[in-house]
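I have placed the structure first, in the form of C-alpha cells, so that the comments after it can refer back to it.
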There are 2 protein chains.
Amino acid sequence: MVSRWRGLVVERVLRDVWVISGRAGDDPFVGDIAVANGRITHIDRSTRRPVRPTRAVLPGLANAHLHPTPALLRTALASITIDDNDRSPLVGRLYEALRADREALQLGARLALAETMSSGATCGCLHEYLAPEVAARQAAELGFPCVVAVHPGEPGWREVLARVRDTGAEVMLAGLNENDPANTDEALRELAAWAGELGVRVHAHVSETRERHEHMRARTGRTPVAHYREMGLLEHLYAVHCTAVEDEDVELLAAHDVPVVVTPSSEALLGDGIAPLAALREAGVRVGLGTDGAAWAGGEDVLRELTAAALLSRAVGGPGALRGGEVIELATLGGARVLGCESERGSVEVGKRADLVVLDLERPGLRPVLEGPLSTVREVIAFAATGADVIETMIGGTAVHRRGGTPLVEVDAVQDAAERVWRRAGGDRARTWL
Amino acid sequence: MVSRWRGLVVERVLRDVWVISGRAGDDPFVGDIAVANGRITHIDRSTRRPVRPTRAVLPGLANAHLHPTPALLRTALASITIDDNDRSPLVGRLYEALRADREALQLGARLALAETMSSGATCGCLHEYLAPEVAARQAAELGFPCVVAVHPGEPGWREVLARVRDTGAEVMLAGLNENDPANTDEALRELAAWAGELGVRVHAHVSETRERHEHMRARTGRTPVAHYREMGLLEHLYAVHCTAVEDEDVELLAAHDVPVVVTPSSEALLGDGIAPLAALREAGVRVGLGTDGAAWAGGEDVLRELTAAALLSRAVGGPGALRGGEVIELATLGGARVLGCESERGSVEVGKRADLVVLDLERPGLRPVLEGPLSTVREVIAFAATGADVIETMIGGTAVHRRGGTPLVEVDAVQDAAERVWRRAGGDRARTWL
C-alpha cells in the first residue's frame, strides 16, 4: 500500500509517536517514521505541537537465546535447579515424549516464536535441543529472521545443518555444558576447528551455575572462559548466561569481543544467580537479552525481560546500574550486535530495515508519560510495559503480529499436545521430579 | 441476581475454574465456587470430566503497602536512590506542586487504586504522604477496603484521623524513617503511646536501606528493630521493606509477631537490595507484598509483584526459596494476615467474603497448564500472569472491575493533571534531579 507523505512516496507512516532509537544515549522525541521497501526512509520530529502521543515505537527486539520446543512444557521445570534438570528421570521422560511427537515439537516451537514475536521480538537465536529443523521451519513460516544452533558431532549433523540453512536461517554450532562428561579438551578443540571451517560461532551456556563453573576449574585449573581461550574457542564463542563469571572472565570476554547473552528471568528463577550485566557493559562487552525458555521461566516475552534485567541488576548495583534507556538498548541494538546484524537491525534509523514495535501507552498502567529532558517514557516502557501492550510487530515493513488479529498459534492445539506429552511421560501422575 | 445451582439459591457461580485456595500447602483443583450475600457459600470439585478449565480463581490480592497520590508521577523518581529522593530539590518541588493541586491528588490516588484493583487487589494499606483524606475518599468511592496511615504529631492530626475513619477506612499511624532528624527516642516513645491509646499499628519503613539501618545503629548502638523494641514500639509495629534487616532482627520480628510487608520491585529498582523473604517466612513472620509506588517502581500491579518476589528471592536462594504456591500465598493469605483480616479475607474458603480474582488463562503466554499432582497452574500464574490477564475483580461478591468495562480512571485527565504538576515543578525543563 503506497501513499504520499510530505510529497514523498511511502508505504507506511507512523505519525506522532514517541520515537525510541534503541541507543541509550539518544533522547526520545515525538515524531513520524516513514517506511518504504521494507526500510525506514524518514524520521522527523513532529511539527504540529502540542502533540500528545499515545504510542511509542521501538526497534524490534532481539530474543538472543531461546529454547523453542520445550515451551510446550511451560513452567513445568521451574521448581528444580538447572542441574537437577539434567538428572531428573521425569525431565528425561518428558524430553523423550516431546522428541517422539512431531506435532508437539511443531506446536512447542510455534508457541515460543508466536509469544516472542507478539511481545515485540523481530529476530533471535534459537538454541534447540530436540529438533533444530522443526524450529527453523516454524521460524521460516512465521517470517522470523533467526540463527539456529545445531549440535555437531552426531552422525548426519552436517545434513541437519544444511537443511536448517535451507529454511533461510543462519546457523551456529551448539556447545556443551561445562559439567558434561563429553566436554573434553579434545571435543573443545574439535568444536573450535569446525567453527573456523564453517565460519560460524559456537553457542554455549557459559558459567551458567557456580557448580558448572567450579566443575571446569576442578578439571582444568582455569575458569571456563579462560579454558576456552586455551582451547582456541574464545574467538568463536557466543556465550550465554555467564551468571558465575569472575572479573578476569569479564576482561577476557571484552578483550576477545565475545558476544554475551543474559536471560535474567530464567537465571533468577532457577536460582543460578544474577549475571553481572552492568560490569559486562562497562567493560565494553556487547550484551543482549534472551528469554531462555518458558519451560523454566515464565515465557518468551522479551519486554518482561527488560523489567527482570532492571530489577536484578539494580537490586545489587543501585539505580545507576541500569537506566531505562540502557535496558532498552540491551534488547534492541545490543541484541543486534550480539547477533552481528547491527548494520541492518536494532535501531530506529534511516536506511535500516523496518523492524519495529508499536506500543500502546493508553492503559492506566502506562500513564502518565512525562515530557522534557527527564522524560519518563523509557522508564515507563522498561519497567511497566509487557507483551500485552504491543499493538504491532513489524519485520521488514510487514506486520507479522497485530493485536486483535489472528493469533500466531492455536492455543487449544497447544493444550492438547502438551497434555499428550505430559501423560506419555507420566507427568500427570508423578509427585516428585527426582 | 439470584439463580439456582444444584438445588441451592446462589447469586453467582464460577464453574469449572482452577481453584487456587491461597494456602501454599493446598493443591489446586478444578471446581465450582458459589457466592451468595457477599460470601463464598460452596466450593466443589467439578464432577463433569474431563473439563479443560480456561480460568483460574484466586483469593483477592492484598496490596499491603502503597503510596497512592504520587502514582501521578509514574517512574519519574526511578533513576535516583531513595535517599537522593529525600534530598532532591526537584522531588521537593514535585511534591509541593502535587500537594497544591487537589484534582491532581485525587487523580493520582485514583490511578493507583484503579490500577491495583484492576490487577486483582481487593484490599490494601495506603501509606499516603500528601493527602490521607483524599486517598481514603477515593478508596471509599471505588469500594476498596483499606487501612490508611495518618502522620501524627502535626496540628490537627487527630481530626484528619477521624475524617479518614469517617470514610470507612481503618487507620494506622505513620512512622518516621531512621535517618529523619525528627526520629528521636522521645518521638518513638510518643508514637508507641499514641498507638497504644488508639489501639492501632504504626506503619513504618524499617531498615529500608543499608544507609538508614546504619544511621540508627550509629545513633543508638542498636539495629532499628532492636531499638524499636527498647522504645516499646515493636508490639505496635507494621514493618515495611526490611531490606537491610539482620538475622537477629528476623528473630525479633518473629518473636513479637510483627507483620512485615515487602515491595520487591521498588526495593530492587531503587537499589535498596533484596529483602530476606524466605528467611522471614521460615522464621514464622507473617509476610505480605505491596507495590510501594508507581513513582519509583513500574506500577501498582500486584500480580507482577509475585513475579518480582520470585525472581529476586530465587536469584539469591535457589528455586526452593519460593515456590509458585508460596508466592501466591504471600499476596493473598499472607497479605490478609499482615492486615489482620485473615478471618474474613485472603483465601478461597466457604464462609469467607467473596473477594475473588478471575484470571483468563487463554492467551498463548499462559498456555499450556498441566494437570496432576505436579500441576503447573500456580507457577504459570506466579511467573507469567499480569494485571492484563484479570477478567474480573470481585469484592464482597460485587464485581468492582471487569475487563473491557468502564475503566476506573480516565487516562486523559490523569495525563493533563500530571503535565500540570510536572510543569509547575519545572520537571519539563530540568536536566538533573539533584
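Order of the sequence lines sets the chain letters (A, B, ...), proteins ahead of strands, with each chain counted from 1.
Proximity to chain A (any heavy atom under 4.5 Å) is restricted, for B:Thr386, to the side chain, taken from C-beta onward. Interface remark: A:Ala385 contributes backbone atoms only to the contact with chain B (heavy atom separation under 4.5 Å). In this structure, chain A has heavy atoms under 4.5 Å from both the backbone and the side chain of B:Pro364. Residue A:Leu322: no heavy atom, backbone or side chain, is found under 4.5 Å from chain B. For B:Leu408, no part lies under 4.5 angstrom from a heavy atom of chain A. Interface remark: A:Thr307 contributes side-chain atoms only to the contact with chain B (heavy atom separation under 4.5 Å).
Remark: the backbone N or O of A:Val380 is not paired with any side-chain donor or acceptor of B:Arg74 at under 3.5 angstrom. A donor-acceptor pair is defined here as one N or O able to donate and one able to accept, closer than 3.5 Å; such a pair exists between the side chain of B:Arg323 and the backbone of A:Ser79.
Here B:Ala78 is the residue among B:Ala78, B:Gly372, B:Ala388 with the most heavy-atom pairs under 4.5 Å with chain A. Interface check for chain A: of the options B:Trp433, B:Trp422, B:Phe383, the most heavy-atom pairs under 4.5 Å are formed by B:Trp422. Listed options B:Leu72, B:Val316, B:Thr243 were ranked by heavy-atom pairs under 4.5 angstrom with chain A; first place goes to B:Leu72. Of the residues considered (B:Val409, B:Thr54, B:Leu73, B:Leu270), B:Leu270 shows the highest number of contacts with chain A, using heavy-atom pairs under 4.5 Å.
Residue-level contacts of residues 410-419 of chain B with chain A, in order of numbering, are B:Val411, B:Asp412, B:Val414, B:Gln415, B:Asp416, B:Ala418, B:Glu419; threshold 4.5 Å between heavy atoms. Contacts between residues 296-306 of chain A and chain B, defined by a heavy-atom separation under 4.5 Å, are made by A:Gly298, A:Arg304.
Within 6.0 Å of the CZ atom in B:Arg363, the count of heavy atoms belonging to other residues, nucleotides or ligands exceeds 12. For A:Arg429, the CZ atom sits in a loose shell: 12 or fewer heavy atoms of surrounding residues, nucleotides or ligands are nearer than 6.0 Å.
Atom CD of residue A:Glu267 and atom CZ of residue B:Arg314 lie 14.0 Å apart, to the nearest 0.5 angstrom. The CG atom of A:Leu90 lies 6.5 Å from the CG atom of B:Leu374; values are rounded to the nearest 0.5 Å.
A pairwise comparison of heavy atoms in B:Leu312 and A:Leu311 identifies CD2-O, 4.1 Å as the closest pair. Taking every heavy atom of both residues into account, A:Pro319 and B:Leu269 meet most closely at CB-O, 3.6 Å. Minimum heavy-atom separation, B:Arg367 to A:Leu111: O-CD2, 3.5 Å. When all heavy atoms of B:Pro368 and A:Ala71 are compared, the closest pair comes out as CD-O, 4.1 Å.
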